[in-house]
**Student:** 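Take this structure, written in structure tokens, and hold onto it; I'll ask about it next.
The sequence lines fix the lettering, A, B, ..., with proteins before strands; numbering per chain opens at 1.
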Number of protein chains: 2
Amino acid sequence: MRNTVQRRVILDELRQLTTHPTADELYELVRRRIPAISLATVYRNLELLSEEGVIRRLWRAGTRRRYDGDARDHYHIRCTSCGRVDDIPASTPGTRLFGYLLKPSGYEVAACYVEFTGVCPACRARRSGGAPVAASSSSAP
Amino acid sequence: MRNTVQRRVILDELRQLTTHPTADELYELVRRRIPAISLATVYRNLELLSEEGVIRRLWRAGTRRRYDGDARDHYHIRCTSCGRVDDIPASTPGTRLFGYLLKPSGYEVAACYVEFTGVCPACRARRSGGAPVAASSSSAP
DNA sequence: ATAAGTGCAAACGTTTTGCCCTAGC
DNA sequence: GCTAGGGCAAAACGTTTGCACTTAT
């Protein structure tokens, strides 16, 4: 992975934000530093960086994808009214997850969605059998 | 909410599946019973039914939205290779979540994504202040 | 020198919408 | 009869891609 100006600035801008921007929100910011950058470059870099595990992709099918410059373990809470996404720190000896949710987050918590990712039995068989699968959509977030 | 033929068939077909179909997968099935139905109707109904809490919308499932006819509490596991989504039963006295994940699911589990949904502080204030918010995107999944 | 990366514009697939008509209440 | 809901086609939307050019290695 080459160290291009565009990539450096995209990552730098993303890491300065705690707002989990969409590709074009980030594009607007990056454009202030590299006016000639294209939206496609932002998309390509966000995709590549999340595949490499440098950043995280917050999937939401059908709407806009959001990205998180912090790849460390933590949760997210999304406002069902305006769509913003905030961080919820992972439980540690110092912070209790549900305690945080109830008070400091300020959110009125409505629901919790849990999704595991992995490799299904059929794909595991196919994989060990030899022929690789035509990967349809995504890598693990 | 009126009890139309289309709505009845869409819900019925969805409930017969455990495969969490996309809108157009369901459309193909429904079309066998109502050949003249339009894809837009399927979309409109899936959206309405999930807003009403009758079915569930699986936001994170790849690029295409997937729907679940079972609105009861359970989790999902998505294959990062082929995109299929399976159910993981919620922990009950009889089934242990992690026990299930490790064995009967057959999946090689890679990661777990947790997202809460709720109403953010700003929207709560706006809401109690009176003026309703121009809801941007969604209801809780 | 060479291949990864970029910019541009056009293409893509999914979802939403406006319009007028149909049918449930 | 009134209105939510349907069908159709077109638009909108976020994202991806082909191509020729650039640039980091």
Side-chain angles (χ1 to χ4, degrees), chain A residues 1-14 20-52 54-55 57-67 78 83 85 134-139 141, chain B residues 1-14 20-52 54-67 83 85 134-139 141:
Chain A
M1 194 161 65
R2 285 187 189 170
N3 178 25
T4 64
V5 188
Q6 292 88 337
R7 184 161 301 153
R8 235 177 299 129
V9 173
I10 287 168
L11 188 54
D12 182 56
E13 287 292 335
L14 178 57
H20 313 92
T22 59
D24 65 271
E25 282 165 3
L26 197 52
Y27 170 62
E28 288 306 325
L29 289 170
V30 170
R31 218 140 63 116
R32 305 218 273 248
R33 291 167 62 179
I34 312 177
I37 201 172
S38 80
L39 182 55
T41 296
V42 175
Y43 271 107
R44 278 192 275 237
N45 275 289
L46 289 172
E47 214 47 28
L48 187 64
L49 288 167
S50 43
E51 259 154 40
E52 299 290 320
V54 180
I55 66 174
R57 181 171 43 195
L58 311 183
W59 276 110
R60 289 190 58 210
T63 27
R64 294 148 80 195
R65 231 172 255 176
R66 293 184 172 274
Y67 295 86
R78 178 168 48 83
V85 175
S136 76
S137 54
S138 63
S139 57
Chain B
M1 194 161 65
R2 283 185 190 169
N3 179 24
T4 64
V5 188
Q6 291 88 339
R7 184 161 302 153
R8 234 178 299 128
V9 174
I10 287 168
L11 189 54
D12 182 57
E13 287 292 335
L14 178 58
H20 313 93
T22 59
D24 65 89
E25 283 165 4
L26 197 53
Y27 170 61
E28 288 308 325
L29 289 170
V30 170
R31 219 140 64 115
R32 304 217 274 250
R33 291 167 62 180
I34 312 176
I37 200 172
S38 80
L39 181 56
T41 296
V42 175
Y43 271 106
R44 277 193 276 240
N45 275 289
L46 289 173
E47 214 47 26
L48 187 65
L49 289 167
S50 42
E51 259 153 40
E52 299 290 321
V54 180
I55 65 174
R56 273 175 79 181
R57 182 169 41 193
L58 309 185
W59 276 118
R60 284 176 44 79
T63 29
R64 296 151 81 191
R65 228 171 258 175
R66 293 183 171 275
Y67 295 86
V85 175
S136 75
S137 54
S138 64
S139 59

**Student:** Knowing that exactly one of A:R8, A:R32, A:R33 qualifies, which makes a salt bridge (charged side-chain N to carboxylate O under 4.0 Å, His left out) with A:E13?
**Tutor:**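 Testing A:E13 for a salt bridge (charged side-chain N to carboxylate O under 4.0 Å, His left out) against A:R8, A:R32, A:R33 leaves exactly one candidate, A:R33.
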**Student:** Quick one, A:I10 and A:I37 - any side-chain contact, counting heavy atoms below 4.5 Å?
**Tutor:**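 Yes. Closest side-chain heavy atoms under 4.5 Å.
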**Student:** Please state how far atom CD in A:Q6 lies from atom C1' in D:dA24, giving the value in whole angstrom units.
**Tutor:**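 Atom CD in A:Q6 sits about 11 Å away from atom C1' in D:dA24.
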**Student:** Please report the interatomic distance OG1(A:T41) to CD1(A:I34), rounded to the nearest 0.5 Å.
**Tutor:**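 With rounding to 0.5 Å, OG1 (A:T41) is 9.0 Å from CD1 (A:I34).
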**Student:** In chain order, what residues pass the salt bridge (Lys or Arg N to Asp or Glu O under 4.0 Å) check against A:R7, with sequence neighbours excluded?
**Tutor:**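 Counting only residues at least two positions away or on another chain, A:R7 forms no salt bridge (Lys or Arg N to Asp or Glu O under 4.0 Å).
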**Student:** Rounding to 10°, can you tell me the angle the first-five-pair axis of the helix from C:dA1-D:dT25 to C:dC25-D:dG1 makes with its last-five-pair axis?
**Tutor:**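 One end axis against the other gives 40°.
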**Student:** Rounded to whole angstroms, how far apart are CZ on B:R31 and P on D:dG7?
**Tutor:**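 That distance rounds to 12 Å.
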**Student:** Side-chain N or O of A:T41 less than 4.0 angstrom from OP1 or OP2 on C:dG7?
**Tutor:**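 Answer is yes, contact under 4.0 Å.
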**Student:** Check the distance between D:dA4's P and B:N45's CG and give it to me in whole angstrom.
**Tutor:**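 Distance, rounded to whole Å: 15 Å.
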**Student:** Please name all residues satisfying salt bridge (Lys or Arg N to Asp or Glu O under 4.0 Å) with B:E52, sequence neighbours left out, ordered by chain then number.
**Tutor:**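 If we apply the salt bridge (Lys or Arg N to Asp or Glu O under 4.0 Å) test to B:E52, skipping adjacent residues, there are no hits.
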**Student:** Rounded to whole angstroms, how far apart are CD1 on A:I37 and C1' on D:dT22?
**Tutor:**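 Atom-to-atom, A:I37 to D:dT22, this comes out as 14 Å.
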**Student:** For side chain to side chain contact (heavy atoms under 4.5 Å, CB included), just list the numbers for B:Y43 and B:R65, CA-CA rounded to whole Å, side-chain angles, deciding distance to a tenth of an Å, and then say yes or no.
**Tutor:** CA-CA 10 Å; B:Y43 271 106; B:R65 228 171 258 175; 5.8 Å; no
**Student:** Across nucleotides 20-25 of chain C, 5' to 3', mark each nucleotide with B, S or - according to how protein heavy atoms within less than 4.0 Å reach it.
**Tutor:** ---BBS
**Student:** Find the distance B:L46:CG to D:dG5:P and express it as a whole number of Å.
**Tutor:**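 Distance, rounded to whole Å: 14 Å.
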**Student:** Summarise how protein sits on nucleotides 9-16 of chain D as a single string, 5' to 3': B when a protein heavy atom is under 4.0 Å from the base, S for sugar-phosphate-only contact, - for no contact.
**Tutor:** B----SBB
**Student:** Carefully, step by step, assess B:L11 and B:N45 under the rule side chain to side chain contact (heavy atoms under 4.5 Å, CB included).
**Tutor:** CA-CA 9 Å; B:L11 189 54; B:N45 275 289; over 6 Å; no
**Student:** Determine, step by step, whether A:V42 and A:Q6 satisfy the side chain to side chain contact (heavy atoms under 4.5 Å, CB included) criterion, reporting the C-alpha distance in whole Å, the side-chain angles of both residues, the deciding distance to 0.1 Å, and the verdict.
**Tutor:** CA-CA 8 Å; A:V42 175; A:Q6 292 88 337; over 6 Å; no
**Student:** Using salt bridge (Lys or Arg N to Asp or Glu O under 4.0 Å) as the criterion, list what pairs up with A:R31, not counting sequence neighbours.
**Tutor:**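 Partners of A:R31 under the salt bridge (Lys or Arg N to Asp or Glu O under 4.0 Å) test: A:E28.
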**Student:** Starting at NE2 of B:H20, measure out to CG of B:L14 and round the result to the nearest 0.5 Å.
**Tutor:**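 So the gap between those two atoms works out to 9.0 Å.
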**Student:** For the pair made of CD1 in A:I34 and P in C:dG5, what is the distance, rounded to whole Å?
**Tutor:**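 After rounding, the gap between these two atoms is 15 Å.
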**Student:** Start with the C-alpha distance between B:L26 and B:Y67, add both sets of side-chain angles, then the distance that settles side chain to side chain contact (heavy atoms under 4.5 Å, CB included), and finish with yes or no.
**Tutor:** CA-CA 9 Å; B:L26 197 53; B:Y67 295 86; 5.8 Å; no
**Student:** Remember a base hit wins even if backbone is also touched, and classify A:R44 as base, sugar-phosphate or nothing at under 4.0 Å, heavy atoms.
**Tutor:**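 It contacts base atoms.
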